[in-house]
Amino acid sequence: MNQISVFDSPKPVFSPAEAQRLLVRDYGVEGTLTELVSERDQNFLVDSPAGKFVLKIANAAEDLDFLALQNAVMKHIERADPELGLQRVVTTKEGDETVQWDHGTSRHAVRLITYLPGELYSAASNSPALLESLGTFMGRLSRALKGFGHPAAFRPGFLWNLDEVMTVKPWLSDIVPERRDLVARIFARYEARVLPSLSTLRGAVLHQDANDNNIVVDAATSTVAGLIDFGDMTHGRQINELAVTLAYGLLDVADVYQSAAPLIAAYAKVFPLEAEESTILFDLVAARLAMSVCISSRRAKEFPDNDYLLVSQAPAFRLLERLDRTNPEFFAAFTRHAAGLAPIPTSDAVVEWLSSPDCSPHAMFDVDLDRSGRILLELNSGAPGMEHAADPQAYWNWLKARLHDEDARFAIGLYGEVRDVYKGEQFATAASPEWRSQHLGQDIFIAAGTALRAPLAGKVLSVVDNALPYDYGPTVILEHRAGANGTLFWTLYGHLSRETLAMVKEGQQIAAGQLIGSIGEHTVNGGWAPHLHFQIITDRLGQSGEFPGVGQPTLWPVWRAISPDPNLILRLAPESFSHDRTPPDVLLKRRAEVLGPSLSISYRKKLKIVRGRGAYLYDHTGRAFLDGVNNICHVGHSHPHVVEALNRQATILNTNTRYLHDTILDYAERLGSCFPKPLSVVYLVCSGSEANELALRMARTVTGRRATITLDWGYHGNTNGLIDVSPYKFNRKGGRGKPDYVEIAELADPYRGQFKGYGANSGIAYAASVAEKVELIRETTGHGPAAFIAEAISGCGGQVFFPDAYLKTAAEHVRKAGGLVIVDEVQTGFGRVGNHMWAHGPQGIVPDIVTLGKPIGNGHPMAAVITTPEIAKAFANGMEFFSSFGGNPVSAAVGMAVLDVLEQEDLQAKARVTGDYLKARFTALAEKHPLIGHVRGQGLFLGVELVKDQVTLDPATEEAGLIANDMRNHGVLISTDGPFDNVLKIKPPMTFRLREADILADALEAAMVRV
Ligand SMILES: Cc1ncc(COP(=O)(O)O)c(C=O)c1O
């Protein structure tokens, strides 16, 4: 072999004096010569008045074509990147790049090249900045050499060409026996991971020898200033350049990752890596080290006197050992990340699919985690409970007590938490002094024995017992696809029970929701309090059965791509993962100081609600509560279409009705068209109270009268004028009774009132009470009432539905006396009753004035009054009606959006279906529980009246309160109302579906048993 012959052939041995003489002769350079270290050539540093140079006297066996290649490279770089610190060829007096000098019988090629000032890298102190500078330098070199070619760069049989590393594999036997297996493993790794794709990687002419005695550093700036010695140049795989640089650069560094990352990043910034190159970079680093120890071991045998040959072995073995003990796939991910590429090419696609509507994971536990109370744990010394860290049973006892106190069902251990609890040697890392401590999964602490279900369909990849202390214990890994034919990914379930090992088999197909195991006791689960460690894996790193559950914090961006947030599948609300600094007790105190005490607050255990979505409200701990009572957020909490409309219009303009605006008119026309003629004229206001105030003002203005008939237990708003017509207020605590100008008609309550049943007979009979009041008013005032005001269904009265013909007959009595009929639809409108848009619809009446509120803006403060053109005209008596905010463009846009959603999602029809189902479930419950006296309602406006006695109808007030509070504690919100507060009120957002109906009915059933 060529190189062996260079070694066979002795080094040139010119004396300095002789070299000096020849130098003057051929180059005209006169200076002092100092011999430099060289393995096979003879080099002198020339210090002359013209500057410093290096005189290179080649080994007699040196290939002249190869020297021509080196000269050509220097010239090429001079053009491609003139600033790059490489030496330049100095020509002889004759203009030649090379001369021949004879010594004895041998003839040597001689070149004079410029000298690069600075210190050697080997003398400089290593730092990330220096490594970065080296990366930049080498990147520039690769970039400059991109277009370079030369026939002599193809060096068949050149030993140091990393592409040919397999050539030296037979020399394994020359390595000291105790290191042989290590190097054999490195070759095996190379054969498996590099060789198959080697020929498809891009090639280039490479320097291949950026070792610390060839790199020149500018000491002042601590940056790489140059690179010398082109003796190992060859054409090879492009990536070898970086691999060789790292093989030297990483020798004896404290932290392989922290040293490699800046170097790779800087290199790739100048000269981008390809993904395939990044994937095998560290295998090539290892291969280069293996190559060098093979070659040096063989040489050491051949030249037992040459100590230099073994100099680099020890650090090389040390690095090889670290590389050998590190997962090559992890190195690949690390390198891709360092090179600015995606650490795991498929990770984003998996995350995207998991976040898409196509993926709807099944619950992993039979307990509904979303609606269960939860505790957030910190697994670090000093955190609550960690005094028991060494004793899993004691920790679990502590946790159980806390779960009980907090009314919680499970506790969460955080994804991404850096923990100091990982003590086993398996958490140490070979390539860096950093331990693996950042949690890659999410923990769910829940009782041992709790059944575990697969969240997604898949196949069992492995089911094994990882029985080391602090390990996973019995562990299941499932394999999934991100959609049909999508990319593969895996989910890991650790710390399971022994029984799990017999529950699923490797290769078994698993359906979403299928039982795959159960939570293990600390005695079998690796020595932890019972919990599930749940982790997503986008790249198995070639492992099976087991997988790292924690990673190095400094490598988190890599680990995060390998194991993205498990909550993509668990889907607990975001509030679950942080401690709220102002929990309910804190707010309650502040509220008592700053808000008036007349404001009531729901439930014994107060709720801090921070977010809403659809039919669910979320508290400060992320616990979801099914909202069974909020009819204001009619089309679902924070419906995106409504929010978007609000945002859009608020961004453009918000004024008032004193300017012309298309949206206001579009909305008024659209809202008006939802009513039968002649109801068509719209007034836009801000609250139900404002609407009812306006309705009464209209009726009184138009009739010139004041007297008003209202229904017993009616509620119409919070103003003075409305309290006057609200027996629910003036006849209860703090009320001052009925004013003179108001008369109360009997509430048409077919269950509790004097006329039973929903037939027209009952309705007509109740309407007689209105006729009576009309007469009474006529007697006292000499004329009829200004108005009769009634809710379409009595809400505060206890979800009381009127019997047939009631409103129609009552209206006839009122109208005969010249009064107007106001129907308050503030609670009940917009399709809630299912079969009609307005709850007065089934009563067969067209009111004179209808008031709307609550659901109209899905939570945005707006309301409306609808009347006939005739009444509107009569009302316009010269006094202006103006509401600063009523009918502003933002409210109009919101109102429009609510109507859009109602139509697009067909919510009225769905309310009927869900309502019928819910009512049927309540009716079935009533058969089992005599506490339920009456189930009533339509669509999603329902009432369940509780009585102690089915005959006397003695109201079960206390029980109703207990049930509402019990349901709240179990994650379902309803309220109570009615004269005796014994009616369970159910009026949820219209997005309630059968699933929600079941949750509510189940919670009611359970509460009835408990109470
Ligand atoms: C039937 C009825 N009318 C009017 C109102 C008053 O509406 P607001 O609170 O928007 O002023 C309410 C409020 O609860 C109501 O239930």
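Counting starts at 1 for both ligands and their atoms, in listed order. We use all heavy atoms of the structure for the numbers below, so side chains are in, but hydrogens, waters and symmetry mates are not.
Across every non-hydrogen atom of Pro889 and Thr655, the tightest pair is CD-N, 3.4 Å. When every heavy atom of Val898 is checked against every heavy atom of Gly857, the shortest pair comes out as CG2-C, 3.9 Å. The two atoms that bring Ala997 and Thr914 nearest to each other are CB-CG2, 4.1 Å, heavy atoms only.
Considering Asn718, Thr851, Thr719 as possible partners of Asn692, the one that fulfils the side-chain hydrogen bond (donor to acceptor under 3.5 Å, both in side chains) test is Thr851.
Lys589 and Glu593 are not joined by a salt bridge, as no carboxylate oxygen comes within less than 4.0 angstrom of a charged side-chain nitrogen. One finds no salt bridge joining Glu905 and Lys910 here, because no Lys/Arg side-chain nitrogen approaches an Asp/Glu carboxylate oxygen to under 4.0 Å.
Closer than 4.0 angstrom to ligand 1 sit non-hydrogen atoms from Ser687, Gly688, Ser689, Asn692, Tyr715, His716, Gly717, Glu791, Asp824, Val826, Gln827, Lys854.
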